[in-house]
Protein chains: 2
Amino acid sequence: MARPTVYDSSLRQRLLETTAELVAKEGPDRVALRDIAAAVGTSTTAVYSLFGGKPQLLTAILDDAFRSFGDSQRAAAPDGLRGLGLAYRRWALEHPAFYALMFSGPLGTRMPCEPTPEIAAASIVPLYEAVGAALAAAGSDDPVEPSVAAIWGQVHGLVSLELSGLGLPGIDWEAAYETALNRIERSYAV
Amino acid sequence: MARPTVYDSSLRQRLLETTAELVAKEGPDRVALRDIAAAVGTSTTAVYSLFGGKPQLLTAILDDAFRSFGDSQRAAAPDGLRGLGLAYRRWALEHPAFYALMFSGPLGTRMPCEPTPEIAAASIVPLYEAVGAALAAAGSDDPVEPSVAAIWGQVHGLVSLELSGLGLPGIDWEAAYETALNRIERSYAV
DNA sequence: CAGTATTCCATAACATTGTTTTGCAACGTC
DNA sequence: GACGTTGCAAAACAATGTTATGGAATACTG
């Protein structure tokens with residue numbers, strides 16, 4: 001042993017929080033490691049020592065985001081498919097930068113920061129179970145995956161278009177979302 | 001007049017083609033202006049002289065992509081909603097990097113390269129018209145926008161999830177897409 | 001035809017990043 | 001109290017978008 005360590009879990013936590021804040025404010029590519037380090041009162045070396053580099057730091061942020069998203073989904077699970085859909089949009093609108101980072105895919109961002117697969121997969125388990133329950137209640141023995149994908153794609157697509165600010169200017173996204181949820185309920189519930 | 005100009009429309013065209021090629025291969029953030037300039041045998045000054053900078057160059061690429069996408073949609077218009085949906089996915093899978101650039105939104109990429117609004121809007125006119133026709137044929141006088149958004153969201157979401165490589169490992173995306181298209185046809189056609 | 005001025009472009013300089021290396025500083029041990 | 005070891009901050013490095021500079025090629029003028 002030589003000198004007392006400063007790169008400990010407390011600093012790691014503060015780095016995560018500050019980075020999440022900055023990323024939420026202006027996106028992952030606009031935040032510089034120097035800014036993060038300065039905001040926390042350390043140097044960029046801390047990021048390399050504690051995480052390995054910027055991609056790994058963003059991966060940690062990404063995993064936290066998926067966990068938060070998964071929590072939100074689990075909390076809404078008792079309210080059925082519609083509850084899951086409403087919670088989905090609410091979470092995405094509250095965390096637009098995270099949502100973009102989570103679902104932009106490898107070509108969307110330059111940083112190779114894919115989430116831990118298990119954490120990402122766990123976040124959609126509630127939807128999986130709700131669709132399975134709905135199919136079972138309807139007496140259908142269709143496979144679950146295509147329906148899960150179709151429903152997930154529906155809500156993800158609408159939220160994604162809303163966040164992208166693209167096309168259909170002046171549209172009432174909430175009304176469009178209601179339309180889509182109604183269509184889903186009509187197709188699957190009962 | 002002094003010396004013959006080299007930064008002409010021909011060079012501009014070659015820059016566009018080379019950039020599109022490189023962007024398609026590895027995404028917009030990984031291509032350096034120096035590489036583009038070297039590939040066409042000029043210097044980075046050409047990009048600044050002909051376009052204004054990297055964002056403007058990417059905007060030009062983006063507009064080209066929306067035009068190509070719009071052409072594909074117009075060509076599929078006679079085949080109805082299902083034809084539009086199939087053409088949508090086909091184009092996206094053939095041009096994944098462009099698709100990501102087109103719909104990643106301001107937070108998804110660092111470059112401020114939003115497309116020209118009219119060009120982007122024109123690309124979904126065929127869908128707009130098909131939905132309007134379907135609603136009219138069904139004798140419905142519901143507003144068109146929410147349905148357009150819902151359907152666009154459905155196909156965009158599925159394609160986007162497929163391209164992101166996220167979640168549902170080993171799923172048959174084509175089957176999921178068929179499921180979604182069936183659901184759309186059942187809801188709107190006739 | 002020679003000189004000059006003007007226009008244009010490639011090269012080099014600059015600023016900002018992520019990353020790696022270096023050197024100093026702090027603590028335990030002898 | 002000196003030394004060696006460990007750890008971190010600051011400086012060096014590399015890549016990239018952007019801007020400034022210098023030289024070169026051509027048309028005009030005498």
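Keep in mind it's a predicted model, so treat the numbers as computed, not measured. Each chain gets a letter, A, B and so on, in the order its sequence line appears, and its residues count up from 1.
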Just the rounded figure in Å: distance from [atom2] of [N] to [atom1] of [X].
X     : N      : atom1 : atom2 : answer
A:D29 : C:dT16 : CG    : P     : 18 Å
A:Y48 : D:dC13 : OH    : C1'   : 12 Å
B:L50 : C:dC9  : CG    : C1'   : 11 Å
A:R34 : D:dC13 : CZ    : C1'   : 11 Å
A:K54 : D:dA15 : NZ    : C1'   : 14 Å
B:L33 : D:dT19 : CG    : C1'   : 13 Å
A:D8  : D:dG7  : CG    : P     : 12 Å

Could you verify whether a donor N or O on one side chain and an acceptor N or O on the other, from A:S68 and A:H95, lie under 3.5 Å apart?
->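 A:S68 vs A:H95: no donor-acceptor pair found between side chains.
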Determine whether the side chains of A:Q154 and B:R183 contain a donor N or O and an acceptor N or O closer than 3.5 Å.
->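 No, B:R183 and A:Q154 have no side-chain donor paired with an acceptor closer than 3.5 Å.
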Look only at the side chain of [X] and the backbone of [Y], and say whether a donor-acceptor pair between them is shorter than 3.5 Å.
X      : Y      : answer
B:S49  : B:T45  : no
B:Y128 : B:V144 : no
B:S164 : B:L161 : yes

Side-chain N,O (B:Y7) to OP1/OP2 (C:dA10) below 4.0 Å =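 Answer yes for this pair, as a side-chain N or O of B:Y7 is under 4.0 Å from OP1 or OP2.
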Hey, does [Y] have a side-chain heavy atom less than 4.5 Å from the side chain of [X]?
X      : Y      : result
B:V31  : B:E26  : yes
B:F66  : B:E118 : no
B:Y7   : B:Y48  : no
B:L127 : B:V155 : no
B:I119 : B:L62  : no
A:H156 : A:Y88  : yes

Would you jot down, in residue-number order, the residues of residues 35-47 of chain B having a non-hydrogen atom under 4.0 Å from DNA chain C?
->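 The stretch gives B:T42, B:S43, B:T45 as the residues lying under 4.0 Å from the strand, ordered by number.
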Have a look at the helix from C:dC1-D:dG30 to C:dC30-D:dG1 and give the angle its two end axes make, five pairs each, rounded to 10 degrees.
->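 What I find for the helix from C:dC1-D:dG30 to C:dC30-D:dG1 is an axis angle of 40°.
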Tell me which residues in residues 11-18 of chain B put a heavy atom below 4.0 Å from DNA chain D, sorted by number, or none.
->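 Hits under 4.0 Å, by residue number: none.
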